Amino acid sequence: MTVVLSYSAKQEIDAWVTKYPPEQKQSAVLYALQIVQKENGGWLTEPLMNAVAAYLGMPPIAVYEVASFYSMFELKPVGRHKVSVCTNISCMLKNADELIQHLQDKWGINPGETSKDGRFTLKEVECIAACGGAPAIQIDRIYYENVTKEKLDQLLAELE
């Protein structure tokens, strides 16, 4: 299946490509993947990754490696809101495991799964660079530190 990038996606990608020397346009791969993932409802398909590879003149495997390495990319459908809980040492010492268990109990899902109503996807991530404010979480693209179960419930209630 061949996928063609949207005109809008190409324009956004081109804006990033201009920030690099012409022979290094593949350096825009992170931004290109973010752009097409957003357009596709929050996840990347293999045909979309192939389209990015073709557009940037890269081998598809190089794009797959980037998409599978970074926790910001999803390779399967996700809920409207992605809740990522840091599970690195600082966060775990500050009870991140309790936050994960709280969400598992609340939504009846495990990390990597999406709630039945399609609203939330729960992820464990290795590090979100907020050790001083552990435990830390990310909801969609916003980071929160010193999160308690009560604060987490309040943040989730504020979402549509």
Side-chain angles (χ1 to χ4, degrees), residues 1-92 96 99-100 103 107 109-115 118-147 152 155-156 158-160:
M1 175 178 166
T2 302
V3 170
V4 178
L5 299 177
S6 72
Y7 177 75
S8 172
K10 287 179 183 179
Q11 283 188 308
E12 285 186 68
I13 293 167
D14 288 345
W16 284 102
V17 167
T18 63
K19 298 176 188 287
Y20 301 99
E23 69 278 3
Q24 295 296 320
K25 69 181 185 178
Q26 71 274 10
S27 297
V29 67
L30 284 170
Y31 303 104
L33 289 171
Q34 286 179 324
I35 291 162
V36 298
Q37 177 171 271
K38 183 178 178 186
E39 275 193 0
N40 193 51
W43 68 292
L44 296 167
T45 63
E46 187 175 332
L48 277 173
M49 290 186 281
N50 291 340
V52 166
Y55 196 71
L56 296 177
M58 300 173 64
I61 188 65
V63 175
Y64 305 158
E65 289 169 343
V66 170
S68 64
F69 179 78
Y70 290 99
S71 62
M72 70 180 110
F73 298 119
E74 300 298 332
L75 303 178
K76 61 183 184 178
V78 294
R80 283 196 317 272
H81 301 287
K82 183 168 62 170
V83 179
S84 301
V85 180
C86 177
T87 57
N88 209 317
I89 187 70
S90 296
C91 289
M92 290 303 274
L99 296 177
I100 293 168
L103 293 174
W107 297 330
I109 61 172
N110 292 312
E113 297 177 346
T114 299
S115 61
R119 288 186 68 204
F120 300 104
T121 295
L122 176 59
K123 283 190 77 170
E124 289 182 350
V125 293
E126 185 56 31
C127 184
I128 58 175
C131 298
I137 65 167
Q138 180 181 1
I139 299 176
D140 299 325
R141 297 187 66 139
I142 302 172
Y143 293 87
Y144 301 93
E145 297 180 351
N146 301 302
V147 178
L152 179 56
L155 292 168
L156 295 174
E158 293 171 3
L159 298 172
E160 80 232 25

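If you're wondering where the values come from, they're calculated on a predicted model, not measured in any experiment.
Two residues are said to be in side-chain contact when any heavy atoms from C-beta on lie closer than 4.5 Å; Val147 and Leu99 meet this criterion. Residues Lys10 and Val17 fail the side-chain proximity criterion, which asks for heavy atoms closer than 4.5 Å. The shortest distance between side-chain heavy atoms of Lys82 and Ile139 does not fall below 4.5 Å. For the pair Gln34/Phe73, a side-chain contact is recorded, criterion being any heavy-atom separation below 4.5 Å from C-beta on. Taking the side chain as every heavy atom from C-beta outward, Leu155 and Ile142 never approach each other to under 4.5 Å. Counting heavy atoms from C-beta on, the side chains of Ile13 and Leu5 come closer than 4.5 Å. Side-chain contact between Glu74 and Lys123 is present, with at least one heavy-atom pair separated by less than 4.5 Å. Under the 4.5 Å side-chain criterion, counting only non-hydrogen atoms from C-beta, Leu103 is in contact with Leu156.
In terms of modelled atom types and a separation under 3.5 Å, the side chain of Gln138 and the main chain of Asp140 share a donor-acceptor contact. Although no hydrogens or angles enter the test, the distance criterion places a donor-acceptor pair under 3.5 Å between the side chain of Lys76 and the main chain of Gly112. Put simply, the side chain of Ser115 never gets that close to the backbone of Trp107: no donor and acceptor are under 3.5 Å apart. Judged by distance alone, the side chain of Thr114 and the main-chain N or O of Val78 form no donor-acceptor pair under 3.5 Å.
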Quiz: residues 51-64 side-chain donor-acceptor pairs under 3.5 angstrom, not counting sequence neighbours:
from, atom 1, to, atom 2, distance (Å)
Tyr55, OH, Asp14, OD1, 2.6
Tyr55, OH, Asp14, OD2, 3.0
Tyr64, OH, Asn50, OD1, 2.4

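When every heavy atom of Ala130 is checked against every heavy atom of Ala136, the shortest pair comes out as CB-CB, 3.7 Å. The heavy-atom pair separating Cys86 from Cys127 by the smallest distance is SG-CA, 3.8 Å. Heavy atoms only, all atoms of each residue included: Thr121 and Gly79 are closest at OG1-N, 2.5 Å. Of all heavy-atom pairs between Ala67 and Met49, the closest is CB-SD, 3.5 Å. The minimum heavy-atom distance between Ala9 and Val36, with the atom names listed, is CB-CG1, 4.4 Å. When all heavy atoms are compared, the tightest approach of Leu48 to Trp43 is CD1-O, 4.3 Å.
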May I have the step-by-step check of side chain to side chain contact (heavy atoms under 4.5 Å, CB included) for Leu75 and Ser68, ending in yes or no? CA-CA 8 Å; Leu75 303 178; Ser68 64; 4.2 Å; yes

For the pair Ser71 and Glu126, evaluate side-chain hydrogen bond (donor to acceptor under 3.5 Å, both in side chains) and give the outcome as yes or no after the intermediate values. CA-CA 8 Å; Ser71 62; Glu126 185 56 31; over 6 Å; no

Given the rule in the side chain to side chain contact (heavy atoms under 4.5 Å, CB included) test, do Tyr70 and Leu33 qualify, once you have shown the distances and angles that lead to the verdict? CA-CA 11 Å; Tyr70 290 99; Leu33 289 171; over 6 Å; no

Please evaluate residues Val85 and Glu124 with respect to the criterion side chain to side chain contact (heavy atoms under 4.5 Å, CB included), reporting the C-alpha separation (whole Å), side-chain torsions for both, the decisive distance (0.1 Å), and the verdict. CA-CA 5 Å; Val85 180; Glu124 289 182 350; 5.6 Å; no

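Lys25 is linked by a salt bridge (charged side-chain N to carboxylate O under 4.0 Å, His left out) to nothing, counting only residues two or more places apart in sequence or in another chain.
Distance check, rounded to the nearest 0.5 Å: CG of Leu159 to CZ of Phe120 gives 5.5 Å. Atom OH of Tyr143 is separated from atom OG of Ser84 by 8.0 Å, given to the nearest 0.5 angstrom. Rounded to the nearest 0.5 angstrom, Asn88 CG and Ile128 CD1 are separated by 10.0 Å.
Gln26 and Gln24 form a side-chain donor-acceptor contact under 3.5 Å, judged by distance and modelled atom types alone.
Other residues, nucleotides and ligands contribute more than 12 heavy atoms inside 6.0 Å of the OH atom of Tyr20.
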